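The next block holds one structure in the form of structure tokens; read it before the comments.
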Amino acid sequence: MSSVQDYITSNKERFLEELMDLLRIPSVSADPSFKQDVHRAADYVKSQLEKSGVDYAEICPTDGYPIVYAEKIIDPKAPTVLIYGHYDVQPADPYELWESPPFEPVIKTTDIHPDGAIFARGSADDKGQFYMHIKALEAMTSLGDLSCNVKFMIEGEEEVGSENLDRFVRSNKEKLKADVVLISDTSMIAMEHPSVTVGLRGLAYLQVEVTGPNRDLHSGTYGGAVANPINILCKMIASLQDEDNRISIPGFYDKVENYDKEYREELNKAPFEEKDYRKKLEIAETWGEKGFTTIERVGIRPTLDVNGIWGGYIGEGAKTVLPSKAYAKISMRLVPHQDHKEIAKLFEQHFISLAPPAVKVKVIPHHGGQPAVVPTDSAGYFAAEAAIEEAFGKKAIPTREGGSIPITSLFQQELKLDPILMGFGLDTDSIHSPNEHYGVKNYLLGIETIALFFKHFKNQFEKANS
Ligand code: BES
Ligand code: ZN
């Protein structure tokens with residue numbers, strides 16, 4: 001047994017308790033009523049970093065929620081690992097679907113997590129995942145085998161688009177100078193099939209508003225003679241995809257990278273059971289762009305989804321009304337070479353052109369983020385492969401994931417750094433859904449793998465620079 005393993009085993013209960021304390025803070029960045037709690041989470045992260053061995057930690061204010069920065073420099077000549085994570089979480093709604101309250105963490109076993117999983121909002125996304133890095137640092141410093149310098153940048157606005165991070169990164173290039181960025185905010189295929197994420201999709205998110213008459217009308221007096229904005233909105237949305245589930249916005253696919261047969265075959269070799277996937281979701285069939293597999297639809301193809309749609313009367317019973325307004329929140333996941341600003345523009349032009357003169361349309365852009373692809377021949381990637389193989393006893397499979405982490409491409413662009421997406425969650429952990437959870441084993445093995453990453457990164461870095 002390695003000493004890091006021993007250290008984790010003997011401190012397991014405390015490592016779990018500390019994470020659960022963090023999970024008790026409802027740091028929901030999207031909802032202003034949680035403002036105090038979001039700040040409280042930042043303070044907790046700072047104090048835990050200080051207790052875990054950094055030289056110093058600070059709260060860096062932004063126009064939104066602060067960024068917690070910390071560092072430990074052991075030797076200016078040693079390579080530096082920059083850790084990124086986020087302490088904010090998604091709203092926990094709908095609360096009634098949680099089996100235990102979202103901000104009162106409990107450990108329960110499941111079929112997939114026979115050793116237990118921590119149930120709480122943010123357990124896998126991303127508190128449980130970035131906290132592993134703080135505990136890996138503690139283990140390495142306590143054992144005296146920290147081999148690289150380490151910097152932490154833990155933000156509080158990832159779930160709302162990281163809008164203030166751009167400026168922070170651009171104006172703190174020297175402070176953030178590093179040799180690799182390590183991020184645990186993604187998932188693995190399974191404990192028996194460890195993987196490293198090598199691609200994330202980008203995102204363009206917009207809200208649309210369709211206005212018909214200047215006030216709500218009696219649906220008998222006016223119905224049939226005046227355009228109903230909800231009916232119109234539904235037609236407009238329905239026309240955004242054709243019968244092959246391809247997106248019908250002109251120019252949408254112009255820059256989409258088409259992968260060759262070899263790459264697609266390689267991608268489809270990853271372990272995946274379509275039947276099991278359907279069964280877990282209780283769906284009779286999967287759905288998506290014709291001509292692509294589920295792995296491809298999620299990993300290398302763009303999408304358009306309505307995230308929410310509302311208008312008219314949605315209260316108890318029935319009210320006969322022809323509403324004045326209808327709304328929808330629409331997101332598009334993007335793949336390499338698609339630019340989120342360009343796509344948002346294309347969407348806006350097209351959506352407005354779809355509207356008949358009977359209604360007025362407003363398109364309001366929300367946040368966005370660029371897609372990212374991670375090279376698999378860097379010192380960081382080799383270190384991740386070696387660490388995973390040593391900890392899990394299996395070679396990591398490179399995967400393309402469908403989610404987005406807007407900062408990933410910013411690190412590549414602004415800091416010229418390779419981000420390594422070494423996450424330990426599972427797709428079934430219900431992130432953004434009720435009953436989010438994170439496996440206890442994933443947490444502990446993650447800490448060990450991160451410590452191993454440091455060891456291998458030092459070697460790989462020296463090899464690459466000798
Ligand atoms: N951890 C996720 C990103 C993720 C999800 C990566 C699934 C891989 C697989 C992250 O916290 C997240 O949810 N990001 C948002 C980004 C958005 C708010 C800009 C997302 O993907 O919806
Ligand atoms: Zn998330």
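None of these values were measured; they are calculated from a predicted model. All ligand and atom numbering here is 1-based and tracks the order in the structure. Throughout, residue positions are numbered sequentially from 1 according to the sequence presented.
- Residue contact annotation: G369 has no non-hydrogen atom under 4.0 Å from ligand 1.
- With a 4.0 Å heavy-atom cut-off, ligand 1 is reached by the backbone of E158 and by its side chain too.
- Among the backbone and side-chain atoms of E159, an N/O/S atom is found under 2.8 Å from the Zn ion (ligand 2).
- Heavy-atom proximity to atom 16 (C) of ligand 1, evaluated over S187, G425, G403, S404, is greatest for S404.
- Looking at S162 against ligand 1, nothing comes within 4.0 Å, counting heavy atoms.
- For the pair D93 (side chain) and Y95 (backbone), a donor-acceptor distance under 3.5 Å is absent.
- In this structure, F152 has its ring center no closer than 6.0 Å to that of H133.
- No hydrogens or angles considered: nothing links the side chains of D418 and Q412 as a donor-acceptor pair under 3.5 Å.
- Atom numbering of ligand 1 starts at 1 in the shown order; those under 4.0 Å from a heavy atom of H367 are 18 (C), 19 (C).
- If you look at L203 next to ligand 1, the close heavy atoms, those under 4.0 Å, all belong to the side chain.
- Under a 4.0 Å criterion applied to the non-hydrogen atoms of P406, ligand 1 contributes the atoms 19 (C).
- Here H432 meets the criterion, with an N, O or S atom under 2.8 Å of the Zn ion (ligand 2).
- By the 3.5 Å distance cut-off applied to N or O atoms, H432 is counted among the residues near ligand 1.
- Using modelled atom types and a 3.5 Å distance limit, the side chains of S29 and E159 yield no donor-acceptor pair.
- Of the inter-residue distances, the one linking Y443 atom OH with S123 atom OG reads 11.5 Å to the nearest 0.5 angstrom.
- Residue-level proximity to ligand 1 for H86 is carried by the side chain, the only part with a heavy atom below 4.0 angstrom.
- The backbone N or O of E342 lies less than 3.5 Å from a partner atom in the side chain of D339, making a donor-acceptor pair.
- The shortest N or O to N or O distance between D125 and ligand 1 is below 3.5 Å.
- Here D185 has heavy atoms under 4.0 Å from ligand 1 in both its backbone and its side chain.
- Looking only at heavy atoms of the protein, atom 9 (C) of ligand 1 is closest to E401 OE1, 3.2 Å.
- Using modelled atom types, one finds no donor on one side chain facing an acceptor on the other under 3.5 Å when comparing H86 with E155.
- Counted by atom type alone, D305 and S331 present zero donor-acceptor pairs between their side chains at under 3.5 Å.
- Checked by atom type, the side-chain pair S27/D88 shows no donor-acceptor distance below 3.5 Å.
- The closest approach between R333 and ligand 1 falls below 4.0 Å for a heavy atom of the residue.
- Among all heavy-atom pairs drawn from G291 and E296, the shortest one is O-OE1, 4.3 Å.
- Atom OD2 is the N, O or S atom of D125 at the shortest distance from the Zn ion (ligand 2).
- Using a 4.0 Å cut-off between heavy atoms, I431 contacts ligand 1 through its side chain alone, with no backbone atom that close.
- Taking both residues in full, the closest heavy atoms of V4 and A451 are given as CG1-CB, 3.9 Å, listed atom of the first, atom of the second, then distance.
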